[in-house]
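Quick notes on the structure that follows.
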Number of protein chains: 2
Amino acid sequence: MSESLKTTSVPQAVYDALRESIVTSAEAPGALLTETAIAVRYGVARPTAKAALERLVSEGLLSRRPHHAAQVTELSRDDIEDLYGNRALLEEAALGILASDGVVPIAALSVHRELLEHARADNRAALARTDVEFHRALVLAQHSTRLAKMHGLLMGEIELCIGQVQSHQLIRPDEIAEQHQGILDAVAARDADLAARLTREHIIYARDRLLQKYDDDHSEDS
Amino acid sequence: MSESLKTTSVPQAVYDALRESIVTSAEAPGALLTETAIAVRYGVARPTAKAALERLVSEGLLSRRPHHAAQVTELSRDDIEDLYGNRALLEEAALGILASDGVVPIAALSVHRELLEHARADNRAALARTDVEFHRALVLAQHSTRLAKMHGLLMGEIELCIGQVQSHQLIRPDEIAEQHQGILDAVAARDADLAARLTREHIIYARDRLLQKYDDDHSEDS
DNA sequence: ACTCGGACATTGTCTAGCAAGTGTACGAGC
DNA sequence: GCTCGTACACTTGCTAGACAATGTCCGAGT
């Protein structure tokens, strides 16, 4: 008790824990989450649980109808295309500006090194997480509050998406690392067009991997 | 009491009312809004007021530090540039896709007609409101859930921005209407590049008007 | 087999209250 | 007169409990 130095706020902690168990698919898509259930699970009052749920709803990770329990959203094929299409738009623009400004995304560099570690260890789950973090770092380097906010909105659902379709199973770590390196090089060379193009291609590549796995999973039961 | 037929939920109503009074600058930028003050103003319980405030915070219309009253965000010059830059990115992309798909944004057409009415009547306040609605309708026509969500996020702050800088005072209604017509024509002609270009120019035009007014207002007191 | 009614689950909203953090103003000491 | 510290007022953070409104489902009666 006297050990913990600075726990974040209670709703924040509930939100974090809940979010984690959702994106890792510990909560199956479609699973029902009632306010009281969350409240007792984390030992908080119902309004607190409610706040966390509402936040997740507003981010698209949960959905709910007025007098019903919230449930983990199930992403459709169209959702995946929508998410990655918009993501490509945002990151392409961000990288283009970054490169033309000649800004070196320092934070992204260290994340990139961490990613290389995971690639070498062939730790696919950690790699998927670090990959997301890398892209977040890139966008943050552009110092646009709204761009970062919008991108964060997308990445939340994309993490869910990666968790639901267990896409990291068929990711080739060396390819990811190579593509990231290419983007960083283009930024360093201040080649805006190249950086933008490589970014879009990288995202489309990830999307196609995801869709491929999605289709495989869904061809069985049709 | 027995008259009102179908009020939306209470927090929703509070949110709507509060949002309206913020974007119209009825609440001055920087004004302090305590939970209890909102609660008594609208005759609701404090948790209800709290929910409305938190929602406005998450949309960027209010800002707050942990144990302090929320206050109406004051947008800086950089904020305006950030907002309009990102808005241009989103709408440019949306219109490009709309045009290349040859989708006629039906809802936008009727809003455009309404806008023409206001332009003829030289009702600048209504025109500014309808202008925002027109752009929302355009983006909605593209049927991308995430794009609409992100755009909505931006437009909330942009409405605030328009309210704070009373920019409609120096808007030329005929120019706005003309630019909108040009965009609609380009979409009808399925000219994606033109539609995208005109959209960006239109938004940059609006931004520059805003910045001009902003600079005028701030040159006095420096 | 169909409709209707009622029990149950869940959220919506309120009241009440205590704990904790933050700023301010006032007074004591130098 | 100035500075520092303390106490107070204000506000939010979070909890507990209660009741109403609403949606769902199942069973009874026709």
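Just so we're clear, the structure is a prediction, and the values are computed from it rather than from any experiment. Quick note on labels: first sequence line is chain A, next is B, and so on, each numbered from 1.
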Practice task
Look at the rings of Phe134(B) and His180(B) and say which category their plane angle falls in: under 30° parallel, 30 to 60° tilted, over 60° perpendicular.
Solution key: parallel

Completion exercise
Here the distance between atom C1' of dT11(D) and atom CG of Leu62(B), to the nearest Å, is 16 Å

Completion exercise
Its contact letters, B for base, S for sugar-phosphate only and - for none at protein heavy atoms under 4.0 Å, make nucleotides 10-17 of chain C read SBBBSB-B

Problem - Gap between atoms CD1 and P, on Ile38(A) and dC14(D) respectively (whole Å) - result: 17 Å

Handout entry: Check ion pair Glu59(A)-Arg146(B) (N to O, under 4.0 angstrom)
Key = no

Exercise for the section: Could you name each residue pair satisfying salt bridge (Lys or Arg N to Asp or Glu O under 4.0 Å) that touches residues 87-113 of chain B, not counting sequence neighbours? Expected result: Arg87(B)-Glu91(B), Glu92(B)-Arg200(B)

Problem - Short side-chain to backbone donor-acceptor contact, Asn86(A) and Asp82(A), under 3.5 Å - result: yes

Handout entry: Gln164(A) side chain vs Thr73(A) backbone, donor-acceptor pair below 3.5 Å
Key = yes

